[in-house]
Amino acid sequence: MTGMRMTVLGCSGSVAGPDSAASGYLLTAPDTPPLVIDFGPGVLGALQRHADPGEVSVLLSHLHADHCLDLPGLLVWRRYSPNPPTGRTLLYGPIGTARRIGVASAEVAGDTDDVSDTLDVRTVVEGEPIRFGALEITPARMQHPPESYGFRITSDSGRTLVYTGDTGMCDAVVDLARGADVLLSEASWTHEPGERPPGIHLSGTEAGQIATRAGVGELLLTHIPPWTSREDVIAEAKAEYSGPVHAVSAGDVYRI
C-alpha cells in the first residue's frame, strides 16, 4: 500500500509571480516515477531543487502558456545537458500537445520542432484512466476555453488527490472531486461582481462551494494571480467550506 506526496513547484495564476513560478506540481509515490503536473514558466528551475529533470514524466491539464511553456526548456535539458538521459520521457496532454510544444521549441519562426526524439506524447482522453506506477489518474473535461482537464489521482492505498486544472464552475468539477481526501482547486478571482469574466475560472467562493458539495477532506487553493488578494480568496473559501483551507505556496510539500 502506498501514499503520495505533492511538492508545489509553482502556483501563480495566469503568469509567473514575484514569489512563484506558474503552475507546476511534482507528484511522487513509492514505486512510481516522478510526475510533474503542468509545466508553466519557471517550473523547470524550481524542479531542479527537488528532482532530476531528466527523470520526470509530465501530465498537462491544458495548453495555455502558463501551464505548459517551460517544456521547451525541458527539451534542452534532456537533449544537451551533460550525460543526457537515454530514451524518451512520457508526456500526457490534450490533442495537439506535440505541435504546441514543437512550435514553441522551433529554432526558426514558422517551423515545428519534432519532439518525438525526446518526448513520448500520449493523448489524454476523458474518463480513460492512466495507470502510472502506483497511481491511477482519471481525467475529466473541465469548463475552460481550450480542451482542459481536471484529474482524480488515487494511490494504491486509496488516498485521493483531485486537481481541478483551470475551470469555471460546473457539475463536472464537483463530480470529479466527490469524496476526495484533498482538493487542489484553482481560485483565480474574488467573487465580487465585475472582478472576473464569468465561467472560465473559479472564485474563492466557488472553490469553497465545490469542496462542500463534493464532501472533500481538505481544500488547497492555487492558481491565484499576483493581482488577486490571497487573503480575500482564502476568506471567501472559508465562508463556504468548514474543513481545512490553505492557499499553497511554492516549495510547500503535502503528504496525501
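When reading the values below, keep in mind they use all heavy atoms of this one structure, side chains included, and skip hydrogens, waters and symmetry mates. Here the structure is a predicted model, which is why all the values come from computation and not from measurement.
For the pair Asp111 (side chain) and Ala106 (backbone), a donor-acceptor distance under 3.5 Å is absent. Checked by atom type and distance alone, the side chain of Glu236 pairs as donor or acceptor with a backbone atom of His191 at under 3.5 Å. With hydrogens and angles disregarded, a donor-acceptor distance shorter than 3.5 Å links the side chain of Thr97 to the backbone of Pro94. Side-chain atoms of Arg152 never come within 3.5 Å of backbone atoms of Asp175 as a donor-acceptor pair (strictly under, hydrogens ignored). A side-chain donor-acceptor contact under 3.5 Å links Thr32 to the backbone of Ala134. A donor-acceptor contact shorter than 3.5 Å is absent between the side chain of Arg79 and the backbone of Leu74. At least one donor-acceptor pair under 3.5 Å links the side chain of Arg78 to the backbone N or O of Gly54. Of the possible donor and acceptor atoms, none in the side chain of Asp66 sits under 3.5 Å from a partner among the backbone N and O of Gly13. A donor-acceptor contact shorter than 3.5 Å links the side chain of Ser12 to the backbone of Gly17. Side-chain N or O atoms of Arg88 include none that pairs as donor or acceptor with a backbone N or O of Leu90 at under 3.5 Å.
In the hydrophobic clustering, Val173 connects to Met142, Val162, Met169, Val174, Leu176, Leu183, Leu202, Ile210, Val216, Leu219, Leu221, Ile224, Val233, Ile234, Tyr241, Val245, either directly or through intervening members, whenever side-chain heavy atoms lie under 4.5 Å apart.
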inquiry  = Applying side-chain hydrogen bond (donor to acceptor under 3.5 Å, both in side chains) to Ser148 and Arg141, what does each step give before you reach the verdict?
reply    = CA-CA 6 Å; Ser148 301; Arg141 189 74 177 262; over 6 Å; no

request  = Give the C-alpha distance, both sets of side-chain angles, the deciding distance and a yes or no for salt bridge (charged side-chain N to carboxylate O under 4.0 Å, His left out) between Arg230 and Asp232.
outcome  = CA-CA 5 Å; Arg230 285 169 59 92; Asp232 288 351; over 6 Å; no

query = Should Ser188 and Glu186 be marked as a side-chain hydrogen bond (donor to acceptor under 3.5 Å, both in side chains) after you check the CA-CA gap, both sets of side-chain angles, and the distance that decides it?
reply = CA-CA 6 Å; Ser188 300; Glu186 73 122 290; 3.0 Å; yes

ask   = Should Ser23 and Asp38 be marked as a side-chain hydrogen bond (donor to acceptor under 3.5 Å, both in side chains) after you check the CA-CA gap, both sets of side-chain angles, and the distance that decides it?
value = CA-CA 6 Å; Ser23 295; Asp38 285 339; 5.0 Å; no

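Between atom CG of residue Leu27 and atom CG of residue Leu161 there is a gap of 6.5 Å, rounded to the nearest 0.5 Å. For the atom pair Met4 CE and Asp156 CG, the distance stands at 10.0 Å (nearest 0.5 Å). The distance from the CD atom of Glu136 to the OG atom of Ser155 is 11.0 Å, given to the nearest 0.5 Å. For the atom pair CG of Leu44 and CG of Leu9, the computed distance is 10.0 Å after rounding to the nearest 0.5 Å. For the atom pair Phe132 CZ and Leu59 CG, the distance stands at 9.0 Å (nearest 0.5 Å). For the atom pair CD1 (Ile101) and CG (Leu60), the distance works out to 6.0 Å, reported to the nearest 0.5 Å.
Ser185 is linked by a side chain to side chain donor-acceptor pair (under 3.5 Å) to nothing, counting only residues two or more places apart in sequence or in another chain.
Aromatic ring pairs are classed by plane angle as parallel below 30°, tilted from 30° to 60° and perpendicular above 60°; the pair His67 and His223 is parallel. Tyr149 and Phe151 have parallel rings, their planes meeting at less than 30° on a 0 to 90° scale where 60° marks the start of perpendicular.
Using a 4.5 Å heavy-atom cutoff, the side chains of Tyr92 and Asp120 are not in contact. Taking 4.5 Å as the limit, some side-chain heavy atom of Leu91 sits within range of a side-chain heavy atom of Leu71.
Residue Arg99 qualifies as open at atom CZ: its count of foreign heavy atoms under 6.0 Å is 12 or below.
Between the side chains of Arg159 and Thr154, no donor N or O sits under 3.5 Å from an acceptor N or O.
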